[in-house]
Amino acid sequence: MLTLQSGPVNALGSALRQGILAAVEAAEADPAITAIVLIGGGRMFSAGADITEFGKPQTGIGLPDLLNRIEAASKPVVAAIHGNALGGGLETALACHYRVAVPSAKVGLPEVKLGILPGAGGTQRLPRVVGPRKALEVIVGGSPIGAKAAAAMGLIDELAPEDGLRAHAVAFAERVVAEGRPLLKIRDRDDKIAEGRENPGLFAAFRDENARKTRGFEAPEACIACIEAACRLPFDEGLAFERAEFQTLVSGTQSAAQRYVFFAERQTAKIPDVPDDTPARPIARVGVIGAGTMGGGISMNFLNAGIPVTIVETKREALDRGLKTIRTNYENTAKKGRLKPEDVETRMGLLTDTLEIEALAECDLIIEAVFEDMGIKKEIFSKLDTLAKPGAILASNTSYLDIDAIAAMTSRPADVIGMHFFSPANVMRLLEVVRGERTAKDVIATAMQIGRKIGKISVLVGVCHGFVGNRMLAQRQREANRLILEGVTPWDVDRVIYEFGLPMGPFTMSDLAGLDIGWSRETNRSESVRDLLCEQDRRGQKTGAGFYDYDAKRKATPSTVTEEIIATVAERQGVTRRDATDQEILERCLYPMVNEGAKILEEGKAIRASDIDIVWINGYGWPVYRGGPMFWADTIGLPKVLERLRAYQAEYGDDFAPSALLERLAVEGKGFKDL
Ligand code: 3HC
């Protein structure tokens, strides 16, 4: 019995690899040992290669060589899997002659999510066990699969009882020896990969099916190429092909970005003055004020996690509409097979609806999600102050407003916090937790934890207009608006941003959200392009026209009406029309965001640059392979960013004035990563 033991996840770092090699060699040399069982100590088999070792010189034996050595062992090697066998962990199991697992175990090759590919034989061995089609799904999809499904695919030889893995694996190994079963080496199997040779079109079909999901990423194509190679080349040549592709990816910027994001996500939970062991307040029931799009989406998060919700509205009609939307959402998910029909009722059963705000008296966390009007919010919070039970957390879902001003309406500002969800709130992973001046530490700890519990990535931010995400977005919006007055079309701005990797550009986004948010015929005075569009009832997708024209299927086409409106506004404002290159469009939209991010850091409104990146990746779809705006700026080099900001400042004024932090880092030859 050989137990893998290294840190929390048995990452296959240098010391563990050396240890396995020595142990396998010793076992082979010991005549008393007839078979080897490889098992994980602690929570899991292994989470794979040690990601922190990438980019550093290798010490000792590399994983591919170690796995070849295990496969070549003269005695049967059985992998006994519990918890996770991921990446190099599963590749290790695939190099063993047999695999047993408990039903709750999960196996997978998630390397693609780190911008790399299974580089220790995974792309060559997996297709030989499950066939190229399934291998494509597992390797390019990157999501783990349960042991039962893995057993059905032939990836696991036998399932073991949940609490009897050790004994079962030993008995299995003894059986292999007693029955004189062969040392099955996956490298020798050829039957399953025949499909890839006979039907090479399956790779092209897979590429087409997944083109949208894999857009911009380098790793998925490399994974596909390796699986194709597995079907085409002898095993060792396939391994060499895989190795070369792995090396290219692991030394590239995309993988560096994706690995950075892996650790950055985990960093967000660490708050210097709120230690991990800060006791959280128990949350048995949540109250949500407002049954509109946000309130409904927010409620669903808690219902999904089995936490009862009381939802409040002022009018029966609005409440019924909100409840109907929630139910329809669940029913649609059930129709797609992603939710059991009976779970729709279970979740709806956890929801209590009421027109009486007093019903929130029993809630441990109350989230206000009414529209952005400080007057109304203040009124609600002073009411909550009188009715909420002592110790209840009072949260606002505001996306811009001052949490301290809201907290000041209560006699318990320490219990007040911002919980800013992103729309659609039941889908988007980001939660900005906004810490007010007087928010208590245990309230912060509770909000961060409950966020995680409902599947969000919680990022702690400080009070400022628009917090981290929307504050930076406003910079991009301002420049996009300026660019179109200068003569760049909205479609060109959108195209450049889309090609950079964001899901959509600013004008497509405005059309989707609705141009009339915050606009009214009475108060707006036909000044901006937006005003004029709204006046013509071009209010976005919902009215069939906005910046773009939309057909019945909501397909967008550029609009000459919009171009005329833009030309009119530009003329009125005396803006000189001129051309701009794609590079200028990109720089003018994104560099001010980076600059604003630097100001946010200077002001202490975000704990670390990587938190800002996580906000942008999870709240706005910033391409993960570019690591977030701050990481991206580092890859360009801050001196270059600074130089361009100064050049634009000379032309457009202080909207581009570089932040002191950015200047300092650029002069010192540092990046945001060095903070
Ligand atoms: N290498 C180094 N550190 C790792 C690691 C890895 N492969 N996997 C996890 N860790 C670290 C985490 O950063 C975290 O550190 P921290 O406590 O300092 O923040 C700690 O281990 C615990 O991890 P989690 O907080 O993520 O623990 P969970 O229980 O929530 O999740 C997990 C466990 C599902 C295994 C998750 O950690 C995970 O997805 N890990 C990465 C799996 C992966 O991508 N494997 C492929 C690696 S690349 C590879 O194998 C290349 C090969 O093909 C050559």
Side-chain angles (χ1 to χ4, degrees), residues 45 47-49 79 81 84-95 99 101 103-157 159 186 189-233 235 238-239 241-242 245-246 249 254-255 258 333 336-339 624-625:
F45 184 74
I81 303 169
N84 294 291
L86 298 178
L90 178 58
E91 291 175 298
T92 302
L94 287 168
R99 285 152 295 282
S104 63
K106 289 206 164 63
V107 302
L109 295 170
E111 284 89 341
V112 73
K113 296 188 177 166
L114 299 171
I116 51 174
L117 50 77
T123 67
Q124 304 303 299
R125 289 193 176 94
L126 188 72
R128 284 178 161 78
V129 184
V130 302
R133 215 180 278 265
K134 285 221 170 65
L136 283 167
E137 277 166 30
V138 173
I139 295 174
V140 181
S143 300
I145 44 180
K148 282 187 202 161
M153 286 182 197
L155 188 52
I156 300 294
D157 297 296
L159 289 172
I186 289 174
R189 289 183 59 176
D190 201 29
D191 50 323
K192 289 277 171 54
I193 48 173
E195 191 195 354
R197 287 192 295 272
E198 286 154 14
N199 177 17
L202 76 90
F203 295 102
F206 185 84
R207 283 187 177 95
D208 283 351
E209 277 161 36
N210 291 279
R212 254 191 73 202
K213 263 189 260 164
T214 57
R215 178 176 79 93
F217 287 90
E218 289 162 2
E221 177 50 36
C223 291
I224 299 172
C226 285
I227 300 168
E228 268 181 317
C231 298
R232 199 179 65 235
L233 301 175
F235 186 80
L239 269 191
F241 184 89
E242 176 194 89
E245 292 284 315
F246 178 87
L249 289 178
Q254 288 204 351
S255 169
Q258 288 178 254
T333 315
K336 288 182 202 145
R338 293 206 303 259
L339 187 67
V624 60
Y625 56 78

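What you find for A101 and A105 is that their closest heavy atoms are CB-CB, 4.3 Å. A pairwise comparison of heavy atoms in G196 and F203 identifies O-CE1, 4.0 Å as the closest pair. Here the closest non-hydrogen pair linking I116 and C223 is O-SG, 4.2 Å. The nearest pair of heavy atoms linking I224 to F206 is CD1-CD2, 3.9 Å. When all heavy atoms are compared, the tightest approach of F45 to A79 is CZ-CB, 4.2 Å. Residues A135 and L126 come closest through the heavy atom pair CA-CD2, 3.8 Å.
A donor-acceptor contact shorter than 3.5 Å is absent between the side chain of E111 and the backbone of A219. Between the side chain of K192 and the backbone N or O of V129, at least one donor-acceptor pair lies under 3.5 Å.
Here E195 pairs with R133 under the side chain to side chain donor-acceptor pair (under 3.5 Å) rule; sequence neighbours left out. Residues forming a salt bridge (charged side-chain N to carboxylate O under 4.0 Å, His left out) with R215 (at least two apart in sequence, or on another chain): none. The side-chain contact (heavy atoms from CB on, under 4.5 Å) search around R338 returns T333, K336, not counting sequence neighbours. Every residue two or more places apart in sequence or in another chain that forms a side-chain contact (heavy atoms from CB on, under 4.5 Å) with P144 is listed here: L86, K106. Residues passing the side-chain contact (heavy atoms from CB on, under 4.5 Å) test with S143, sequence neighbours excluded: K113. Remark: D191 engages R189 in a salt bridge (charged side-chain N to carboxylate O under 4.0 Å, His left out) (not counting sequence neighbours). Taking the side-chain contact (heavy atoms from CB on, under 4.5 Å) definition, one finds that A150 meets it with V107, I145, L155, I156, sequence neighbours left out.
In this structure the side chain of L136 reaches within 4.5 angstrom of the side chain of L202, judged on heavy atoms. Taking the side chain as every heavy atom from C-beta outward, I139 and V112 never approach each other to under 4.5 Å.
With rounding to the nearest 0.5 Å, the separation of CD in E198 from CD1 in I193 is 11.0 Å. With rounding to the nearest 0.5 angstrom, the SG atom of C231 is 9.5 Å from the CG atom of D190. Put simply, CG on L90 and CD1 on I81 are 6.5 Å apart, with the number rounded to the nearest 0.5 Å.
Listed by first and then second residue, the side chain to side chain donor-acceptor pair (under 3.5 Å) pairs involving residues 115-130 are N68-R125, E71-R125, T123-E242 (not counting sequence neighbours). Residue pairs meeting the side chain to side chain donor-acceptor pair (under 3.5 Å) criterion with at least one member in residues 218-228, sequence neighbours excluded, are R207-E221, R207-E228. For residues 135-155, there are no salt bridge (charged side-chain N to carboxylate O under 4.0 Å, His left out) pairs, not counting sequence neighbours. Counting only residues at least two apart or in different chains, ring-ring contact (aromatic ring centres under 6.0 Å, His included) contacts with residues 210-231 comprise F217-Y625.
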